[in-house]
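Residue numbers begin at 1 in each chain, while the letters A, B, ... track the order of the sequences. Both backbone and side-chain heavy atoms feed into the values below; hydrogens, waters and symmetry mates do not.
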There are 2 protein chains.
Amino acid sequence: MQKRAKIAKTPGKREKNKELRRGQLIRATIRSVARRGFAETTMADVTKEAGLSLGLVNLHFKSKDKLMEETLRYLSEEYESACYAAMASAGPSAADKMRALVELDFSPKVCDRRKLAVWFAFWGETKSRPTYQQICARNDRRYEKIITDLCQEIIEDGGYTGISPVTMASGLSALVNGLWLDLLMTPEDMPVENALQISFFFLSHAFPNHFTSA
Amino acid sequence: MQKRAKIAKTPGKREKNKELRRGQLIRATIRSVARRGFAETTMADVTKEAGLSLGLVNLHFKSKDKLMEETLRYLSEEYESACYAAMASAGPSAADKMRALVELDFSPKVCDRRKLAVWFAFWGETKSRPTYQQICARNDRRYEKIITDLCQEIIEDGGYTGISPVTMASGLSALVNGLWLDLLMTPEDMPVENALQISFFFLSHAFPNHFTSA
DNA sequence: TAACTTTGAATGAATACTCATTCATTTTTA
DNA sequence: TAAAAATGAATGAGTATTCATTCAAAGTTA
């Protein structure tokens with residue numbers, strides 16, 4: 001009893017290191033997938049990138065597949081919390097929050113070519129991997145819910161007609177994903193400012209009283 | 001001389017079969033990548049899928065990498081000629097042609113989950129493979145040129161102001177790519193009709209005299 | 001507190017396996 | 001018959017995973 005309580009309270013150096021290692025390996029995986037691609041990333045790459053020994057991935061994650069899965073989950077969660085943070089520090093109105101989310105999507109934190117490469121690497125494998133499919137779908141739905149609710153509020157506030165919040169939300173998130181693809185593939189032809197401009201162009205045409213193109 | 005002339009004129013059974021085999025192998029690659037994913041597709045999968053012997057890929061394509069490259073090129077060219085065909089059989093105006101292109105993008109021929117899976121599989125690997133990058137970029141540029149020119153014409157025809165053809169074209173093609181991603185990942189949440197509706201929603205807001213939402 | 005024991009993290013050489021590629025042989029075409 | 005295409009067993013390079021061993025931290029005892 002005494003023992004159990006003690007262990008539960010303080011994580012101890014061991015526990016802490018374990019989490020540290022997992023994080024280290026996940027971040028190394030991201031770097032390696034960004035550099036070499038999904039198909040070419042080996043355990044040796046990852047562990048070398050992390051500055052750790054070869055056997056560690058199997059110790060902490062059981063298998064390469066599980067490591068990849070956890071990496072996808074990590075990216076998902078990171079993005080999700082960034083969204084909540086952006087909304088929290090934005091102005092109070094739905095339009096303010098929407099603006100903050102779009103700006104987040106093209107901010108250096110989210111819209112970094114290394115991370116985009118990893119997202120697309122996973123998306124490329126998703127069709128044939130049910131687990132990735134699940135993680136991504138769960139993520140997508142949560143995100144679309146947020147955007148849909150914001151659209152709903154904006155539509156009510158502006159008295160816009162002929163626009164469904166679901167249509168608008170799906171369109172906006174598709175647009176952002178498509179712009180990310182351009183940013184990844186032909187960054188010379190699509191600077192971030194253009195991507196932002198296009199997104200706000202889309203918003204301003206649908207919600208002219210809430211957004212401007214510039 | 002006679003012989004040479006003959007060979008140059010008619011491809012001959014040999015030449016024909018060679019092309020036939022190459023096509024068979026490429027189509028088998030598409031099926032395999034769609035089913036198993038890029039990373040998991042092996043030579044054995046491809047040749048078995050094609051009903052041919054293991055060594056044939058190396059005979060006809062030199063290496064697996066080259067096969068993949070040719071497969072990407074095949075998809076690119078197929079899409080490009082479908083675009084030209086759609087435009088040719090559309091009405092004469094720029095808006096007609098634009099409508100035809102968007103409809104093509106969501107027609108069964110182009111917007112088939114197997115093919116979408118392969119596109120995204122390649123895009124996922126593109127960052128780390130310069131050759132793919134090149135093929136894709138060349139493709140993208142040609143496509144954006146077509147769309148940009150159509151936008152230009154529509155803008156002039158409608159006297160629209162405050163809209164740049166390049167912005168509009170980039171936006172539209174990003175939107176289509178993003179919708180394809182949704183169609184691939186969560187087809188239950190994004191039926192083709194919705195995707196079409198969203199695309200025309202975007203067009204109708206920018207070019208209200210040329211397109212309607214419904 | 002100090003000495004001892006147990007636990008489990010970390011290592012990387014060895015293992016076991018997968019898979020692209022080669023090539024000797026057979027079959028088909030001209 | 002000569003040349004090309006096709007076959008698939010054999011090869012060997014590359015890689016995920018295992019595991020005996022080392023070592024640091026946590027727990028126990030006196």
Determine the interplanar angle of the B:Tyr143 and B:Tyr79 rings, folded into 0 to 90°, and report it as parallel if under 30°, tilted if 30 to 60°, perpendicular if over 60°.
tilted
If each of B:Val57 and A:Ser53 is mapped to the nucleotide of DNA chain C with the nearest heavy atom, which maps nearer the 5' terminus, i.e. the 5' end?
A:Ser53
For C:dA9, does OP1 or OP2 lie under 4.0 Å from any side-chain N or O of A:Arg21?
no
Scan B:Thr47 against the nucleic acid and name what it touches under 4.0 Å (heavy atoms): base, sugar-phosphate only, or nothing.
nothing
Please report the C-alpha distance between B:Ser173 and B:Glu144 in whole Å, then the side-chain angles of each, then the deciding distance to 0.1 Å, and finally whether the side chain to side chain donor-acceptor pair (under 3.5 Å) criterion is met.
CA-CA 8 Å; B:Ser173 89; B:Glu144 296 242 332; 2.6 Å; yes
Of the nucleotides C:dT21, D:dA16, C:dA20, which one has an atom closest to the side chain of A:Met43?
D:dA16
For C:dA9, does OP1 or OP2 lie under 4.0 Å from any side-chain N or O of A:Lys18?
yes
When the distance from CG of B:Leu52 to C1' of D:dG8 is rounded to whole Å, what number comes out?
13 Å
Taking the inter-plane angle between the rings of A:Phe120 and A:Trp123 on a 0 to 90° scale, is it parallel (under 30°), tilted (30 to 60°) or perpendicular (over 60°)?
perpendicular
Ion pair check, A:Glu125 and B:Arg36, cut-off under 4.0 Å
no
Between A:Asn58 and D:dT17, is there a contact of a side-chain N or O with OP1 or OP2 at under 4.0 Å?
yes
A:Glu40 CD to D:dG14 C1': how many Å, rounded?
11 Å
Euclidean distance, atom CG of residue A:Asp45 to atom P of D:dG14 [Å, nearest integer]
13 Å
Grab the CG-C1' distance between B:Leu59 and C:dT21 for me, whole Å please.
12 Å
Nearest whole Å is fine: how far is D:dA4 P from B:Glu19 CD?
17 Å
To the nearest Å, give me how far apart CG (A:Leu67) and P (D:dT17) are.
10 Å
Closest to side chain of B:His60, choosing from D:dA6, D:dT15, D:dT17:
D:dA6
Nearest-angstrom distance from the residue atom CG of A:Leu20 to P of C:dA10
9 Å
Identify the two heavy atoms, one from A:Leu104 and one from A:Ala86, that lie closest to each other, and give their separation to 0.1 Å.
CD2-CB, 4.2 Å
Rounding to a whole Å, what distance do you find between B:Lys64:NZ and D:dG14:P?
15 Å
